[in-house]
Amino acid sequence: MKYLMILAASLIGTQAFAAGETVEINPPAEGSISTEDALAAWDRIYEVASHPRCSNCHVGPSNLPMWSGPSYGKARPHGMNINAGESRVGAEFVQCSTCHAYREIATGDRLEHSAPQVAMDWRLAPVEAEWFGKSSVEVCNQLRNPELNGDRDYLAIASHLDHDLILHWAWNPGAGREPAPYSLQEHVNDVLAWGVGGMPCAND
Amino acid sequence: MKLTVNGTEHEVEVDPNMPLLWVLRDEIGLTGTKYGCGIAQCGACTVHVDGQAVRSCQVAIGDLNGDVTTIEGIGNPETLHAVQESWVEHQVAQCGYCQSGQIMQAASMLEFNPDPSDDVIDAVMSGNLCRCGTYPRIRAAVKTAAAKIREA
């Protein structure tokens, strides 16, 4: 079936991020970050990871994106019965890009309640990156596990943040949505500090 | 800028931020595609871009990448598309405002999945609102259209 072809294309596409280079990736010197400082950096990272702008699409095998956060009131699955399917791009049902269209041209804030759009194909995060509703310790252990983080070390995580335009949207969501806390650069700096400090988690 | 709609190339001089829906209706004069909400909440403006259902109110013309098919191009009065045929057979429409979007969404689904279960039909068609509440007839027509496509 054609949707399997779309699925295959979408899986290949997960590696093809648009050009980034929007942030500086300057890790602190080796040995300069104490475990305490690294854990403090993690706490800030978790504020970002658990924020609705990020966690709403970091959902598990339900494949149901969430609508949660101050502008939604009570947390609920994405309206319109949306199911992104195992493809995580909606290939089996309604493709995410049916509404979250590719948008190259910056148009400033979009209308409230309109679909977020970036110059990438909209998608859920991979299923193994299920963060929604999970604790700081759970997400921490997931993010430092190469089997659950796309086989990335901390530098690769920082690079991923630099290149994935859907992630950039989290800090500039417009349309009455609350942005993720801190800034993309501060978040990348925290990832680098956490990494140089040995990627500690509170359960160590 | 140039775009191909229903196999015909058009050249329009508009702001690249103009939604595809505005171009179709106001610049090219194809008014079968309807404006409902303008924010991808209702599905009335659904067209195909290279076969994929898209909400034409959400696509900036400057970002359009592919050939457009509208309700005027999916079939014609002499040779209806299987979904259009089924729509008539089941007398789906009440007021009819949403039906071009419904038909385009259903036709796109059946292109990818010619044997959808009720759950799949509900999941796919839930983004297309019908304020007359003709949903039972929409589902029945989609199933009939699927059978026609499988037999073709």
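Order of the sequence lines sets the chain letters (A, B, ...), proteins ahead of strands, with each chain counted from 1.
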Tell me the closest heavy-atom pair linking B/Asp122 and A/Asn81, and the distance in Å. O-ND2, 3.6 Å
Ignoring hydrogens, what is the shortest heavy-atom contact between B/Val59 and A/Ala101? Give both atom names and the distance. CG2-CB, 4.0 Å
Nearest 0.5 angstrom please: A/Gln117 CD to B/Gln58 CD, how far? 5.0 Å
List the atom of A/Val94, the atom of B/Val124, and the distance in Å for their closest heavy-atom pair. CG2-O, 3.2 Å
Which heavy atom of A/Glu112 sits nearest to which heavy atom of B/Ile39, and what is that distance? O-CD1, 3.9 Å
Report, as yes or no, whether the 6.0 Å neighbourhood of atom CG on B/Asn65 holds more than 12 heavy atoms from other residues, nucleotides or ligands. no
Measure from the side-chain N and O atoms of B/Gln41 to the backbone N and O of A/His113, and report whether any donor-acceptor pair falls under 3.5 Å. yes
Out of B/Thr46, B/Asn128, B/Val54, B/Val49, return the one with the most heavy atom pairs under 4.5 angstrom to chain A. B/Val54
For a quick test of reading the model, state the closest non-hydrogen atom pair linking A/Phe93 to B/Val120 and the distance between them. CE2-CG2, 3.8 Å
Residues B/Asn17 and A/Arg103: closest non-hydrogen pair is OD1-NH1, 4.5 Å
Output the distance between atom CD (A/Glu92) and atom CG (B/Asn113), rounded to the nearest 0.5 Å. 10.0 Å
Return the option, out of B/Gly43, B/Cys37, B/Ala40, B/Gly38, with the maximum number of heavy-atom pairs under 4.5 Å with chain A. B/Ala40
Give a yes or no on this: more than 12 heavy atoms of other residues, nucleotides or ligands lie within 6.0 Å of atom CD of A/Glu24. no
Greatest number of non-hydrogen atom pairs under 4.5 angstrom with chain A, of B/Met125, B/Gln105, B/Met109, B/Gln52, falls to B/Gln52
